[in-house]
There are 2 protein chains.
Amino acid sequence: MDTKTKLISAAEHLFDRHGFTATGMDKLTQAAGMSSRTLYKHAGSKMALITYVLAERHRRFQQRTEVDSVEALFGALEEWVRVEGCRGCLFLRAHGETGGDIPKIADAVLAHKASLYEKIQEIVSLETGGKHNPELAEQILILFEGATAAAVYRGAESITSARIAASVLIQQARA
Amino acid sequence: MDTKTKLISAAEHLFDRHGFTATGMDKLTQAAGMSSRTLYKHAGSKMALITYVLAERHRRFQQRTEVDSVEALFGALEEWVRVEGCRGCLFLRAHGETGGDIPKIADAVLAHKASLYEKIQEIVSLETGGKHNPELAEQILILFEGATAAAVYRGAESITSARIAASVLIQQARA
DNA sequence: TACAGTGTAAAACGATCATTTTACATCGTC
DNA sequence: GACGATGTAAAATGATCGTTTTACACTGTA
């Protein structure tokens, strides 16, 4: 694995488990198995490293949510949690830690969430026979967001609950 | 207002707007209008101050959610966001910043969420004619959690969406 | 009037932080 | 075989962190 990839991967892991600010550069260099000089050559700064991590996270998230049904969307979330654990949305956590005060991070969060909402609108449209239904899409988005948050303290079963609720709402909209 | 109350109130405001770690003791003393010596006499430490803030937050949250219908529950959330803004659940944010590594904080989060879930179970039971329905309660919890999270980037309207979705689920369960 | 309680202002503490620097090793390539 | 790129190890930098300390002022009460 190439150096920068290894760095971003180690950083994502530590940021996710212990938080962004709580993770110092010494922990990062140690986990990535490289000197701080190499780390700074590749990342530039801690803030830049955070944005790299978020970009990588977004890429992987989009890849995993290439689905065309609400069932599959929540299935993808279940799979995500099974593989990566449930510590809440890393984008919202980054936003929360910085109070939305760092533009680079705030932008990354908004872009990620906008793309999620668009994806859900796409799926909802497919499910309801091509109809444009932004309100229903927002409800599914809220279930997705809520399942991610609730899974932190209630475990992966909350995703099943959300999936069932989403199915009911879709069914209701078809009638 | 007494000194400790003023301190906790100022601390809650700063923690909520800028995050826990990002808020230094100098900002806290300045905002609370007191010397660091007085702050430490009343709070003991920053970590203790955080738990005081969470306790006060929990008290106010419970007071505001003394309701007996799902409609009123989401109405209370709308009111909360209107008055206090929408920067996400402060408990989950505290949990996220510390990675769940600090027991005092992790416990406060779990207790707060457990009490929220119990409250929702109560309301759901009232709404469905005394029936015990933990699955439905979890779905409402997820909508509540999701609305709180989504409001960070989509504004207060997401709470309306969640309220409507919750009504549909309740209606469905009554049939 | 003496005193305990509660406060301020500001310096000092040691630790930790992100970042930079110095000095040196390895390796593929022209 | 010189060289530029890429790496390590480790010390130094200056800032900032949470916390403690020193020295002093005000206030109500016995």
Side-chain angles (χ1 to χ4, degrees), chain A residues 1-55 90 93-99 101-106 108, chain B residues 1-55 90 93-99 101-106 108:
Chain A
M1 202 193 307
D2 112 294
T3 311
K4 188 162 180 179
T5 307
K6 193 166 62 177
L7 167 59
I8 292 176
S9 160
E12 183 181 349
H13 186 258
L14 285 179
F15 288 154
D16 188 38
R17 301 228 170 230
H18 305 294
F20 294 90
T21 322
T23 302
M25 299 308 268
D26 54 335
K27 301 253 182 67
L28 285 167
T29 54
Q30 197 178 342
M34 64 183 60
S35 67
S36 72
R37 186 159 207 241
T38 307
L39 188 150
Y40 276 92
K41 179 158 291 187
H42 286 88
S45 70
K46 187 182 184 181
M47 210 49 101
L49 179 56
I50 292 178
T51 67
Y52 285 137
V53 164
L54 292 183
L90 196 62
R93 286 172 60 195
H95 192 266
E97 277 206 39
T98 56
D101 297 333
I102 284 101
K104 277 267 178 61
I105 290 178
Chain B
M1 206 194 303
D2 113 293
T3 312
K4 188 163 178 179
T5 308
K6 192 166 64 178
L7 168 59
I8 293 176
S9 160
E12 183 181 348
H13 186 259
L14 285 179
F15 287 154
D16 186 38
R17 302 230 168 227
H18 306 294
F20 295 90
T21 321
T23 302
M25 300 308 269
D26 54 335
K27 301 252 182 68
L28 286 167
T29 54
Q30 197 179 341
M34 64 184 59
S35 67
S36 74
R37 189 162 205 243
T38 306
L39 187 151
Y40 275 92
K41 179 158 289 185
H42 285 90
S45 71
K46 187 184 185 182
M47 211 48 104
L49 179 56
I50 291 177
T51 67
Y52 286 136
V53 164
L54 292 182
L90 196 62
R93 287 172 60 195
H95 192 268
E97 277 205 39
T98 57
D101 296 333
I102 283 102
K104 277 268 178 61
I105 289 178

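Residue numbering restarts at 1 for every chain, and letters A, B, ... go by the order of the sequence lines.
- Base engagement by Ser36(B) is indicated by at least one non-hydrogen atom pair under 4.0 Å involving a base atom.
- Looking at Ile105(A) and Met47(A), their side chains come closer than 4.5 Å, going by heavy atoms from C-beta outward.
- Here Thr3(A) lies in heavy-atom contact (under 4.0 Å) with sugar-phosphate atoms only.
- Protein chain A touches strand DNA chain D; the 5'-most and 3'-most nucleotides with an atom under 4.0 angstrom of its non-hydrogen atoms are dG7(D) to dA10(D).
- Residue His42(B) places at least one side-chain N or O under 4.0 Å from the OP1 or OP2 atom of dG7(C).
- Put simply, the side chain of Glu97(B) gets close to the backbone of Phe20(B): a donor and an acceptor are under 3.5 Å apart.
- Distance Lys4(B) NZ to dT6(C) P: 13 Å, rounded to the nearest Å.
- Between Asp26(B) atom CG and dT8(C) atom P there is a gap of 16 Å when expressed in whole angstrom units.
- Note on Thr29(B): nothing from the nucleic acid sits closer than 4.0 angstrom, heavy atoms only.
- Following rounding to the nearest Å, Met25(A) (CE) and dC17(C) (P) show an atom-to-atom distance of 11 Å.
- dT16(C) atom C1' lies 11 Å from atom NZ of Lys27(A), rounded to whole Å.
- Note: CZ (Arg37(B)) to P (dG5(C)) measures 13 Å, nearest angstrom.
- Between Leu39(A) atom CG and dA18(C) atom C1' there is a gap of 11 Å when expressed in whole angstrom units.
- dG7(C) atom C1' lies 10 Å from atom NZ of Lys6(B), rounded to whole Å.
- Within a 6.0 Å sphere centred on NE2 of His13(A), heavy atoms belonging to other residues, nucleotides or ligands number 12 at most.
- With hydrogens and angles left out, the side-chain atoms of Asp101(B) and Thr98(B) include no donor and acceptor closer than 3.5 Å.
- Within the nucleic acid shown, Gly33(A) comes within 4.0 Å of sugar-phosphate atoms alone, with no base atom in reach, counting heavy atoms only.
- Using modelled atom types, one side-chain atom of Thr23(A) and one backbone atom of Gly19(A) make a donor-acceptor pair closer than 3.5 Å.
- Ser9(A) places no side-chain N or O within donor-acceptor distance of the main-chain N or O of Thr5(A), the cut-off being under 3.5 Å.
- One atom, NZ of Lys46(A), and another, P of dT19(C), lie 8 Å apart when rounded to the nearest Å.
- Listed for the Arg93(A) side chain is no donor-acceptor partner under 3.5 Å among the backbone atoms of Arg93(B).
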